Amino acid sequence: MATIISRSAKHLHYANLSFSLHRMRLHSISPSPSTSSSVLAGANFHDPAFPLHSGPGMNFLATYMRRLYSTTSTTADSQSAASEKSAESNSSEGDKSGNSNEGQDAGKPVRGGPVSWLSFLLLVATGAGLVFYYDREKKRHIEEINKASTEVKQGPSVGKAAIGGPFKLVNHDGKQVTEKDFFGKWTLLYFGFTHCPDICPDELQKLAAAVDKIKKAGIKIVPVFISVDPERDTVEQVREYVKEFHPDLVGLTGSSDEIRNVARAYRVYYMKTEEEDSDYLVDHSIVMYLMGPEKMEFVKFFGKNNDVDSLADGVIKEIKQYKK
């Protein structure tokens with residue numbers, strides 16, 4: 001449409017220019033006021049009495065200019081009407097669309113942001129569940145570690161442990177003894193030293209109470225104390241020491257080499273610590289060995305975590321199973 005209007009305007013401009021040139025030529029030939037005013041009147045194209053006395057060429061030019069003007073006007077008017085109609089249509093459609101959208105929006109719930117309340121609650125619940133699960137598993141793991149550290153777990157035995165062997169020591173009466181003196185007897189061995197401030201006395205008291213309980217079950221067992229401090233634990237020192245715990249407790253001591261050999265045979269660790277002149281402590285294994293009557297073979301060990309009842313019950317159970 002814009003192209004048609006532009007083209008018509010150019011045609012009108014050329015026609016007007018040609019008409020003006022022709023009018024100037026006529027004016028130079030016959031400069032009459034009436035002719036000039038008539039031409040000027042026709043140049044405005046609003047006067048229907050356009051002069052046609054100037055010949056067929058001028059008549060054709062005037063007719064073409066009137067038609068061109070009427071076409072341009074009609075095109076402009078139609079374009080204006082079409083624009084107004086399009087604007088009204090767009091306005092009407094906009095109103096209808098707005099009303100329709102308002103109606104649709106009124107019937108639909110307003111959507112929230114990217115995170116709704118439901119997803120937020122699910123996220124919180126999931127996080128709380130993970131925290132609870134992690135805390136529970138952590139507590140369970142800690143309990144298992146504590147339980148494993150306080151209990152001696154017995155797995156299936158494969159063969160016999162290489163614990164025990166021949167030894168030569170001196171008892172608390174000054175008599176030479178070997179492992180053969182204990183053949184045919186159930187023995188319960190503990191390694192310690194007489195200057196021990198707390199651990200050894202506690203373990204020997206537990207040993208003595210367990211022996212009495214085992215005797216009540218009709219089983220005889222020999223408790224044995226072996227020193228790991230040969231430098232200070234003489235025969236007399238050991239004799240006075242064992243009397244404080246149980247009358248059946250046998251005390252054994254010996255030279256440094258003899259103590260080293262028996263400790264190696266029973267896989268017992270010991271070492272001097274905090275030595276100041278003649279006063280020192282001995283760090284050593286805290287364990288009791290249950291030895292069988294057949295050539296004093298190893299049956300089972302009991303650690304510090306066992307109390308009197310568990311120690312006595314464990315020994316009784318092993319002896320009964322051994323007899324069967």
Side-chain angles (χ1 to χ4, degrees), residues 1-2 79 81-163 190 196-203 205-207 209-210 213 267-271 273-274 281 283-290 298-318 320-321:
M1 183 63 68
Q79 181 183 11
S83 299
E84 292 178 358
K85 184 176 181 181
S86 176
E88 290 178 356
S89 176
N90 291 336
S91 176
S92 176
E93 290 179 358
D95 293 340
K96 291 181 180 179
S97 176
N99 294 333
S100 176
N101 292 334
E102 289 178 357
Q104 293 178 357
D105 292 341
K108 294 182 179 180
V110 180
R111 295 181 61 186
V115 180
S116 64
W117 282 108
L118 180 59
S119 60
F120 177 75
L121 292 176
L122 290 176
L123 179 63
V124 171
T126 303
L130 291 176
V131 171
F132 175 76
Y133 174 78
Y134 173 77
D135 186 64
R136 186 183 64 179
E137 290 298 316
K138 181 179 178 181
K139 289 181 179 178
R140 185 180 64 82
H141 184 62
I142 293 174
E143 290 177 357
E144 290 180 354
I145 293 175
N146 293 334
K147 187 177 180 180
S149 63
T150 57
E151 293 183 358
V152 177
K153 296 183 178 180
Q154 299 296 331
S157 60
V158 180
K160 291 185 178 181
I163 296 177
Y190 176 77
C196 182
D198 47 15
I199 299 298
C200 291
D202 293 342
E203 292 299 298
Q205 288 177 0
K206 180 173 67 176
L207 174 61
K213 187 174 181 180
R267 305 294 188 267
V268 173
Y269 159 82
Y270 71 97
M271 185 181 65
T273 60
E274 300 181 10
L281 297 176
D283 186 19
H284 62 89
S285 304
I286 305 173
V287 64
M288 296 182 189
Y289 294 108
L290 176 63
F298 169 76
V299 177
K300 188 177 181 179
F301 72 90
F302 298 90
K304 185 177 181 297
N305 55 290
N306 292 104
D307 56 9
V308 175
D309 293 335
S310 63
L311 175 59
D313 294 341
V315 171
I316 294 171
K317 179 181 178 181
E318 294 296 331
K320 288 182 176 179
Q321 289 181 351

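As the structure is a prediction and not an experimental result, all values here were calculated from the model. Counting from 1, the numbers follow the sequence of the chain as shown.
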[atom1]/[X] to [atom2]/[Y] distance, rounded to the nearest 0.5 angstrom?
X    : Y    : atom1 : atom2 : value
C196 : E203 : SG    : CD    : 9.5 Å
Q321 : K300 : CD    : NZ    : 8.5 Å
T273 : D283 : OG1   : CG    : 6.0 Å
L207 : N306 : CG    : CG    : 12.0 Å

Please report the closest heavy-atom contact between R267 and I163, naming both atoms and the distance.
CG-CG1, 4.2 Å

Quick check: do Y289 and V268 have side-chain heavy atoms less than 4.5 Å from each other?
yes

Any side-chain heavy-atom pair from D309 and K213 closer than 4.5 angstrom?
yes

K304/D202 salt bridge by N-O under 4.0 Å criterion
no

Verdict with reasoning, L290 to F301, per side chain to side chain contact (heavy atoms under 4.5 Å, CB included)
CA-CA 6 Å; L290 176 63; F301 72 90; over 6 Å; no

Counting distance only, does the side-chain N/O of T126 pair as donor-acceptor with the main-chain N or O of L122 below 3.5 Å?
yes

Looking at V131, is its backbone amide N or carbonyl O close enough to the side chain of R136 to form a donor-acceptor pair, meaning the two atoms are under 3.5 Å apart?
no

Please report the C-alpha distance between H284 and C200 in whole Å, then the side-chain angles of each, then the deciding distance to 0.1 Å, and finally whether the side chain to side chain contact (heavy atoms under 4.5 Å, CB included) criterion is met.
CA-CA 10 Å; H284 62 89; C200 291; 3.4 Å; yes

Do D313 and S310 meet the criterion of a side-chain donor-acceptor pair at a distance under 3.5 Å?
no

